[in-house]
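Below is one structure, written out as structure tokens, with a few remarks after it.
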2 protein chains.
Amino acid sequence: MTKQPRLALGRVQKRNLFAHVVEDLGTRIIKGDLTPDDPFPIEADLGREFGASRSVIREAVKSLAARGLIESKTRTGIRVMPPTHWNLLDPEVLSWRYGAMPPVQFYGELFEIRLMIEPQAAALAAERAQASDIAEIAEAFAEMTKVSPSSTAAIDADLRFHRAILAAGKNALLHQMGHLIAVGLYISHQTSSDSFTVFLPQHGKVLDAIRARDPQAARRTMEKLLNETREFITGHLKNGKRKARNS
Amino acid sequence: MTKQPRLALGRVQKRNLFAHVVEDLGTRIIKGDLTPDDPFPIEADLGREFGASRSVIREAVKSLAARGLIESKTRTGIRVMPPTHWNLLDPEVLSWRYGAMPPVQFYGELFEIRLMIEPQAAALAAERAQASDIAEIAEAFAEMTKVSPSSTAAIDADLRFHRAILAAGKNALLHQMGHLIAVGLYISHQTSSDSFTVFLPQHGKVLDAIRARDPQAARRTMEKLLNETREFITGHLKNGKRKARNS
DNA sequence: GCTTGTCTAATTATATGATAATTGTGGAAC
DNA sequence: GTTCCACAATTATCATATAATTAGACAAGC
């Protein structure tokens, strides 16, 4: 019964049977142990394997189906869907995938997207932010200057900063991308908590640009922040200097 | 038993009890009929309301929980999550949301994101596309020139074109954004199938740029395509000239 | 050969009725 | 007022049964 490690963004909660089945099957699918071509075990067999009743198995299956990982039909049974069908932006799927891919590649993909989203989000924030939005960004930044760089509070403050900018963009879909960022920050801090202190001033510049209602500057400073962070972390990852991952 | 209309991207399939409960509760939550503050009905009551067994209700709840709409805990019961927690990029959630928002606003949000993603995706495609990727894009474009502009085949070909470009960007997260585009195209065609013929040549220019391995041109042409489409459709939406939506 | 219909068995879909585990709440005790 | 505890409400899990669906095999007809 291989207990897979998972990306613990928050506190690792005590898991129930349902959550265990979901995670175990989810990671197996993402890792490619179960493919669209393989026959998927039938519910009864899964129940035996996990020592769970059919109800639990079925609920787990529905949960995975909602994430686009599998599909379940009468008589046909359960089928793994092709990877293009997976909801990769789902936080759980994202974390499973993080555990199953080479960190450098995962981080590369992630930052490519962040670079598409966040600079423009910062520009929108500079245009649309209300006073309360700017206060929230400023507060998060103030928090960042206070916390210990290696603490989880550092991740929280950093995340809050980036999320507040997305929120200030006044676009719900944009705000949603916060999940991506959360994972990105987690990896960054996991890899090197130095990045936190190194790039603190650059965060301040982004805040200043938004405060000054300067979309162009906001876009530029955010882009610079992301590019530099990416290089910094990617360098560490490639040098194998990252902290051991719990696997 | 109000049968909610739904965004029928593909064929409207005959639905089972589970799917009905999921959709009904999902739309109620998105529309704000059920809020985080309201007490959520308990499983037993939901069962009575829908004429379904507790198993079905529980499976539906798990499905909605996987999409971040609700959370269910022992003794506490089921709780609607705040909107920031919803997985808006989930295709179902996206379609429910489409049915619950003013089309102009929905379309605006959608295109703001598409404009962040697709121009850069086109640029990446110009850099990274393999011969087979370009063939796929070209094929989709050829298909677009053949089909009747008002047919669903037109939407399919259009979607295939945009998806192929995302795929050529060689970034799984990017590819995932295809869901957004699918909905966007659906709305465009629903609103005015004229847009299809009007912007066909611009699609060709994007293809040419990718073929020529010219990232800058790819970015520019895609940006132009999206901007013009947005203006075209938004104009129609605001003038109330859109085809009646089935509600 | 090819299609079209029909039967059968496998698998999920749904129902029912238990028991277990968790935890918010109110009240007792201090 | 605070702490602690028992109770009750609700989901979590289990076990078992029946219904609905349909892939696949096989037969019939053209």
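Just so it is clear: chains get the letters A, B, ... in the order the sequence lines come, proteins before strands, and each one is counted from 1.
For the salt bridge (charged side-chain N to carboxylate O under 4.0 Å, His left out) test, no residue two or more places apart in sequence or in another chain qualifies with B:D158. For the salt bridge (charged side-chain N to carboxylate O under 4.0 Å, His left out) test, no residue two or more places apart in sequence or in another chain qualifies with A:D33. By the salt bridge (charged side-chain N to carboxylate O under 4.0 Å, His left out) test, A:R114 is found to be paired with A:E118, residues two or more places apart in sequence or in another chain being considered. Remark: A:S53 engages A:S55, A:V56 in a side chain to side chain contact (heavy atoms under 4.5 Å, CB included) (not counting sequence neighbours). Looking at residues two or more places apart in sequence or on another chain, you find a side-chain hydrogen bond (donor to acceptor under 3.5 Å, both in side chains) between A:E109 and A:R97.
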What does the list of N/O pairs under 3.5 Å between the protein and nucleotides 5-8 of chain C look like, with a distance for each?
none

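In this entry the distance linking CD of A:E71 with P of D:dT22 reads 12 Å, nearest Å.
Using modelled atom types, no side-chain atom of B:S63 and backbone atom of B:E59 make a donor-acceptor pair closer than 3.5 Å.
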Base contacts versus sugar-phosphate-only contacts with protein, heavy atoms under 4.0 Å: please encode nucleotides 8-13 of chain D as B, S and - from 5' to 3'.
-BBBBB

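Pairs engaging residues 137-158 of chain A under the ring-ring contact (aromatic ring centres under 6.0 Å, His included) rule: none recorded [sequence neighbours left out]. For residues 148-174 of chain B, every residue pair satisfying the ring-ring contact (aromatic ring centres under 6.0 Å, His included) rule, not counting sequence neighbours, is listed here: B:F161-B:H203, B:H162-B:H203.
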